[in-house]
Amino acid sequence: MLKKKELTQTMAVATLLTLAYGGVAYAQSEADAISGPDTAYVLNTMLFLIGGFLVMWMAAGFAMLEAGMVRTKNVSMQCTKNIALFSVAGIAYWAVGYNLMYDGVDGGYLGSFTPKDIPATDADKGSYTAASDWFFQMVFCATAASIVSGTVAERIKLWPFLIFVVVLCGFIYPIQGAWKWGAGWLASGADTSWIKTVAGAEFQDFAGSTLVHSTGGWAALVGAILLGARAGKYGPNGQINPMPGSNVPLATLGTFILWLGWFGFNGGSQLAIGSIGDASAVSKIFMNTNLAAAGGVVAAIILTQLFYGKVDITMALNGALAGLVSITAEPLTPSPLWSIAVGAVGGVIVVFTVPLLDKMRIDDVVGAIPVHLLAGIWGTMIVPASNSDASFLAQAIGVGSIAAFVIVTSLVVWTILKFTIGLRPTEEQEAAGLDQAEIGLEAYPEFGSGSQRI
Amino acid sequence: MLKKKELTQTMAVATLLTLAYGGVAYAQSEADAISGPDTAYVLNTMLFLIGGFLVMWMAAGFAMLEAGMVRTKNVSMQCTKNIALFSVAGIAYWAVGYNLMYDGVDGGYLGSFTPKDIPATDADKGSYTAASDWFFQMVFCATAASIVSGTVAERIKLWPFLIFVVVLCGFIYPIQGAWKWGAGWLASGADTSWIKTVAGAEFQDFAGSTLVHSTGGWAALVGAILLGARAGKYGPNGQINPMPGSNVPLATLGTFILWLGWFGFNGGSQLAIGSIGDASAVSKIFMNTNLAAAGGVVAAIILTQLFYGKVDITMALNGALAGLVSITAEPLTPSPLWSIAVGAVGGVIVVFTVPLLDKMRIDDVVGAIPVHLLAGIWGTMIVPASNSDASFLAQAIGVGSIAAFVIVTSLVVWTILKFTIGLRPTEEQEAAGLDQAEIGLEAYPEFGSGSQRI
Amino acid sequence: MLKKKELTQTMAVATLLTLAYGGVAYAQSEADAISGPDTAYVLNTMLFLIGGFLVMWMAAGFAMLEAGMVRTKNVSMQCTKNIALFSVAGIAYWAVGYNLMYDGVDGGYLGSFTPKDIPATDADKGSYTAASDWFFQMVFCATAASIVSGTVAERIKLWPFLIFVVVLCGFIYPIQGAWKWGAGWLASGADTSWIKTVAGAEFQDFAGSTLVHSTGGWAALVGAILLGARAGKYGPNGQINPMPGSNVPLATLGTFILWLGWFGFNGGSQLAIGSIGDASAVSKIFMNTNLAAAGGVVAAIILTQLFYGKVDITMALNGALAGLVSITAEPLTPSPLWSIAVGAVGGVIVVFTVPLLDKMRIDDVVGAIPVHLLAGIWGTMIVPASNSDASFLAQAIGVGSIAAFVIVTSLVVWTILKFTIGLRPTEEQEAAGLDQAEIGLEAYPEFGSGSQRI
Amino acid sequence: MKLITAIIKPFKLDEVRAALTELGLEGMTVSEVKGYGRQKGHTEIYRGAEYAVNFLPKIKIEVAVADDAAEKAVGAITSSAHTGQIGDGKIFVSSIDSTVRIRTGETDDAAL
Amino acid sequence: MKLITAIIKPFKLDEVRAALTELGLEGMTVSEVKGYGRQKGHTEIYRGAEYAVNFLPKIKIEVAVADDAAEKAVGAITSSAHTGQIGDGKIFVSSIDSTVRIRTGETDDAAL
Amino acid sequence: MKLITAIIKPFKLDEVRAALTELGLEGMTVSEVKGYGRQKGHTEIYRGAEYAVNFLPKIKIEVAVADDAAEKAVGAITSSAHTGQIGDGKIFVSSIDSTVRIRTGETDDAAL
Ligand SMILES: Nc1ncnc2c1ncn2[C@@H]1O[C@H](COP(=O)(O)OP(=O)(O)O)[C@@H](O)[C@H]1O
Ligand SMILES: Nc1ncnc2c1ncn2[C@@H]1O[C@H](COP(=O)(O)OP(=O)(O)O)[C@@H](O)[C@H]1O
Ligand SMILES: Nc1ncnc2c1ncn2[C@@H]1O[C@H](COP(=O)(O)OP(=O)(O)O)[C@@H](O)[C@H]1O
């Protein structure tokens, strides 16, 4: 962060001023005084807290999107999975995830296997508070888990899913995260570092197109393959049986929530707002993030209109999210126009790859693989086009190495679960719906076929 | 609060440090220093970003309110319109809208026909960042478009609607906006300015009762008239056939979202929070805004109870919004009591004018015209009662000139659309519902008459 | 922006400073200067405004949670109650509540019976603005009212309920609130104060486990007892007839909204963020709050799985809220691990006491009594375990005295209402649903038994 | 007595009811059904995959009438539900052995 | 065999089912219907405009029984569904030519 | 003509429809019903209290056919709806006095 330098003079002045006339200032207000450096510290912390609660809100967005995209008989289960995953993700990321990702990685592959503890308020050093940092990083981790739940919906039992979430948030996500955000081997800034020597730049992933979204996407993809498709989804001789989501407005609400949360996701990833440069950066990120989402929607509605003669709202919603994922790897350097373009390509990816996955008989209930995995790769690989500090090779190395790691580790975990407690409910249970099988409460008990009024 | 105690020492130290040698303050934190002026700049920017994401969230509020107020067969379409309009609004406002509204209007009628571009982070001057300003203004523009979609719901095709949105957000809204917020002829501060000479004051519209809400309302009204009513809404001999909304809790959620967003809408319109005066102003605006909404609800539930013997929740929801629109023109100067009164009158307007519009056979599906247009006019005209820097004449000139401009321009656009690609679906399509006709997906496929379970 | 003028004095100083040494700074930005103390003042105010809008958003959370937990025939009524109660709560708390709670309590039992008025922006002294403080306290008051509406749902008429809300928010809540937060007899800091002499410490309730949640809970409990259970809820010979909520995803959404709002609820209760210590405290509160909620969910899903063989999502949702309520009395001093434990016990309380209440034939529709009252007591009594400035005796005195006051006062009010205008609709009305009886609009008119399509 | 069962297009319900009440038949039971027949459904595309909606929303009306009233009733329904478009629906007439009005215990014609 | 079709008030369903099971009739098919008859609906006001809700929620019960069981069944339904209030509903009895139990292929009385 | 009324398990609908169309019967009316019979429902626990879900979702199919087609149709439904599990459902056959096709006014067999 080079703005460091610029500001030191300014700061000197500021301090002087406080020295000289601080007293006068006092006459103006009885609030505790705060000095220049502390102000930046507080502002950075507020960025994390505000950005963090916006990203936390994304958990509700995923819940609503998924509740709207699954069939009625699995809606209560999907709601349960979402509130439960956000809970276990938070605990796992405190118990081991955070320190595994950030504690002394130092150019290496992982940090320490220790729970995160928080210094006393008066010993809380750095550019922001320790707890605000944990909070902000935790909600990112939970996002990766939310991505998985959407893809494997309607056919996975609750407990094996939650166990996977524990491993994902406690180990898989933090380890690959350490490589870049933990200042590991993909990041290390020294010009002599392996990545720079080999690729001429470190791996760039501003807010996590790869670290968060592709990671969740890979885990979801592996899970979907091991699980197999929902019963009846694919007929003999390549027939595909659509299973329309049960509640379009809920899915729309979920998408709007995610869109809103993304301002915290990308904006907060600037990690600081306590200076003109940072404030300007965060603002530009807000603008680019919104334009990319808009580009994704517009691309999706135009393409579905052209191809199918009607606008597919579920594609439009996926398009918005794909646009957001695409810009996430680099929301700062692009021009507004470039942001629209990057997002629009995300929308295009959705429209083309959603049917493709069906052809491959990979059953992705909410379209999380096109949105988070494929658009995430696109967004990451296109960074060098707008950011001269990135190199295609470095991006490829990052995308590839993280892909390899997440695929292998999640494959191991999914497989163990499959052959121990098992992933899928029985056929009858799946037919009756997971709500009846594992939750015992219909989502809409008074209407729909299961009406309990009779 | 005992932390006070704990902190006083800490504080004492802190103050000492700062007074004595600010350098030591460094010992306390490693954050970059920030000087007084920069702090205000950052705080103002944060006001725009936070206010901006709250107003962005209003797009979801309109989506839910409208999805709840239309009939089942048009819900998917309404969701599609809302996410699409927010997308195209953002792009149009970047491509031309913003600069047309703000770039060198200078006492005149419009700015420049250029896209908005963002300076480098280190050249980002002013009282706040350029991008945060664009973001904040953009979401206002989108709000105007959302207003239109509610009124013309259930009977307008997707594409002509979106084309109208492009023109509204790219040209109509920005031009009239330039007159006041762009420092155009309704605003110019010089005492020799035309408006001041004629009316003794500039036109006052703090957060846009007229510029945003009435503008959207006028465009909606003209559209509703040109479109005509929904099939079957009005019978022969003045008969009115109510078409109850399909989902009351969604409409309620939408209203709560809008209420929340309004704190950003009005509070952010203070345009600064980096001083005691501004912070105090923003706070008072929050308080008044909330009280006005409350006044609107209370007025609506009491009146509907008295007139109809039952409380009409849709009127209560409209009442909240009418209260909010009413206070939007001047949320700062009123006392709390006056704010309640201004909002309550908004609620009264709703209860009386909703049926009136039906009598006039103007089919306003969600009540946007009473809420945004009529309450907007009321709120604008009453400003002088609490703000001595406003004059009734100036308010009337503003309301009238903007009305004239928006009516004429939107009439032209709607008419062109009507006689080119056409505005309405066929009768059969309207009867079957726009979801089937243009989206191809029911909102609730598994219940309601269209159940796809069978 | 004419507020400019008002501010010029304030600015004069600032400008002077900047003139003197600010040249460099000026080159960087044209924003108004702001001095150290003013910065803290503005930051504290922002904490109140942001925390306040998050808590305001909780009103929507309660609305959705309750709309999802009641049966279809009472959903419109529940939505009406929630938007109406938030409105009247705001007005009542302005008209008398705030000053009754904070104006000159001074070690005593109540403040003054006067409406809250707001100083001019340039006379707005203290550590934060007066209006931001009012706003923040008002939304807390509304929360207490929301708690009541959930318990007494499906069987209380609208108007008597709203009258109760007026009394609760105008008098009952503020008076008991004055005892602690108004610096009344439970709080007074002097070592010679009665509470300290008797109990060795003042009563500690950081964000209101007792003042807000138990207060709402007691009022709800008394109401539920006086009202009696919903028709058919309890059969002869102790039979219990479950009445499943009509919309699980809405209830889930409501819970996520409440979870989000709680960051404002607890975080904002630090009352300041304008220093390193405060920023660090607010951050730790965010972390602990999230972990407690997570603990509540995990405890609830594990227990229901063990006891019932299925996971009860409504218990999981209650568990999250119980975890949040439990940590609310002291979200700052606990370690992360202790926070999880405190929240988990909240979840345990829910799983055990929800059926218990049914056995006692106390009909609590949404589980507000276990969540807000019982978990609130638990959270308050356990404070001394992590906070050495608290004493069990002082906590017991606080819990007991507030319980006594709220039980008695609300009993009086409920009783008067019962024997004057009456609390319950007729049997037929209750059977047909309150939507038909008092609102005249079904929540989902196009599906469910009441379909108006036919 | 006869039980007349008519499957009609939903938007025709009000007209049919009006026609029947004109005949003094002021009782009927209505339900939502799905129909399959000559009138083909429509195909939709969801996320790129095509699927057919074969069953179309219809309304089923059941009216019990005295034997002599049956013919008129059938005529009234036929004309009031008629659009000429495919999918107008069917009317089935069958016999009822006995009828009871629960409220009064009245039976047969008196119960209608 | 006879098919007994009863239109009753929704909240009476459980009582009717109990009454029938007492007779050893432990099979029935139930559906939600809307009824129109002497019992008039209610009028509501939506956004200032009045409208009538003519069709009221009812439950339709279909029970197939052996000829000799019909009378008892009708009696049981009549008494268990009775409130004396207008809108109690109707019972229609008609003949069934044949019956099949899909699971076993059993026919007629054996299939009930 | 005969009216064949079949109560089947919901997931069997498509097979039954296929079987009937094979016989050239390309018209039917379908509705959602709840069934009560030998197949017992399930009990659930909601917030700690147990309750029984007695009525199970079933699909009701009504097909009007010419007399001679009835037997075949019944056979087709029986075999296509058969799982052998309890709850497979029932088929009832009754007589229709007359039929009308609303669109054309055609009657009886011609109307099917
Ligand atoms: N054989 C049948 N048995 C029962 N219902 C039928 C039969 N044939 C048609 N129907 C019902 O009548 C409706 C209309 O029939 P259809 O053949 O589509 O048009 P039309 O009545 O104009 O010939 C169908 O949707 C179905 O509900
Ligand atoms: N002629 C009829 N044919 C079919 N259903 C009828 C007929 N008359 C009444 N019903 C059904 O019976 C219900 C009750 O009838 P109604 O006349 O309202 O009260 P009551 O049965 O007490 O005379 C109606 O809602 C309707 O569903
Ligand atoms: N006597 C009856 N009258 C009407 N419907 C019946 C009768 N008996 C059973 N049914 C319907 O058939 C369905 C299946 O019957 P059931 O006894 O559960 O299994 P099975 O048909 O295998 O004996 C029931 O759910 C109900 O809908």
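Below, read A as the first sequence line, B as the second, and so on, with proteins coming before strands; counting in each chain starts at 1. Hydrogens, waters and symmetry mates are skipped; everything else that's a heavy atom, side chains included, is used.
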Is there side-chain contact between [X] and [Y], with heavy atoms separated by less than 4.5 Å?
{"X": "B:M138", "Y": "A:M287", "answer": "no"}
{"X": "A:V298", "Y": "B:V88", "answer": "yes"}
{"X": "A:I285", "Y": "B:F135", "answer": "no"}
{"X": "B:D117", "Y": "A:L337", "answer": "no"}
{"X": "B:L441", "Y": "A:T314", "answer": "yes"}
{"X": "B:L43", "Y": "A:L43", "answer": "yes"}
{"X": "A:F256", "Y": "B:I257", "answer": "no"}

Give the C-alpha distance, both sets of side-chain angles, the deciding distance and a yes or no for side chain to side chain contact (heavy atoms under 4.5 Å, CB included) between A:M46 and B:M46.
CA-CA 10 Å; A:M46 286 176 75; B:M46 286 176 75; 4.2 Å; yes
Closest approach of B:S76 to A:V248 (non-hydrogen atoms, all atoms of both residues):
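Looks like OG-CG2, 3.6 Å.
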Measure across B:S87 and A:A294 and return the closest heavy-atom pair with its distance rounded to 0.1 Å.
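Shortest heavy-atom separation between B:S87 and A:A294 comes out as O-CB, 3.4 Å.
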Validation row, ring centre A:F286 to ring centre B:F48 under 6.0 Å:
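No.
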Taking the six-membered ring for Trp, is the centroid-to-centroid distance between B:F86 and A:W259 below 6.0 Å?
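For B:F86 and A:W259, the ring centres are under 6.0 Å apart.
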Going through the checks in order, is the side chain to side chain contact (heavy atoms under 4.5 Å, CB included) test met by B:L162 and A:I301?
CA-CA 11 Å; B:L162 289 180; A:I301 60 178; 3.9 Å; yes
Any donor-acceptor pair under 3.5 Å linking the side chain of A:K284 with the backbone of B:A120?
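The answer is no, because no donor-acceptor pair under 3.5 Å joins these two groups.
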Between [options], which shows the greatest number of heavy-atom pairs under 4.5 Å with chain A?
{"options": "B:C79, B:A89, B:G68", "value": "B:C79"}
{"options": "B:T45, B:I118, B:L54", "value": "B:I118"}
{"options": "B:V75, B:T80, B:L158, B:L253", "value": "B:T80"}

So how far is it from [X] [atom1] to [Y] [atom2], rounded to the nearest 0.5 Å?
{"X": "A:L250", "Y": "B:M64", "atom1": "CG", "atom2": "CE", "result": "8.0 Å"}
{"X": "B:T121", "Y": "A:D278", "atom1": "OG1", "atom2": "CG", "result": "8.5 Å"}
{"X": "B:D38", "Y": "A:T39", "atom1": "CG", "atom2": "OG1", "result": "10.5 Å"}
{"X": "B:W94", "Y": "A:N288", "atom1": "CH2", "atom2": "CG", "result": "10.5 Å"}

Relative to chain A, which segment of [X] carries a heavy atom at a distance below 4.5 Å: side chain, backbone, both, or neither?
{"X": "B:I439", "result": "both"}
{"X": "B:A63", "result": "side chain"}
{"X": "B:I91", "result": "both"}
{"X": "B:A437", "result": "backbone"}

[X] versus chain B, heavy atoms under 4.5 Å apart: side chain, backbone, both or neither?
{"X": "A:I340", "answer": "side chain"}
{"X": "A:W57", "answer": "side chain"}
{"X": "A:S335", "answer": "neither"}

Among A:I50, A:L47, A:L260, A:V297, which residue has the highest count of heavy-atom pairs closer than 4.5 Å to chain B?
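The option with the most such pairs is A:L260.
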Hey, mind stepping through B:E446 and A:T72 against side-chain hydrogen bond (donor to acceptor under 3.5 Å, both in side chains) and telling me if it holds?
CA-CA 7 Å; B:E446 295 187 39; A:T72 309; 3.0 Å; yes
Run the numbers on A:I302 and B:W159 for side chain to side chain contact (heavy atoms under 4.5 Å, CB included), then give the verdict.
CA-CA 10 Å; A:I302 290 176; B:W159 292 103; 4.0 Å; yes
Checking side-chain hydrogen bond (donor to acceptor under 3.5 Å, both in side chains) against A:S283, which of B:D124, B:T129, B:D133 comes through?
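Testing A:S283 for a side-chain hydrogen bond (donor to acceptor under 3.5 Å, both in side chains) against B:D124, B:T129, B:D133 leaves exactly one candidate, B:T129.
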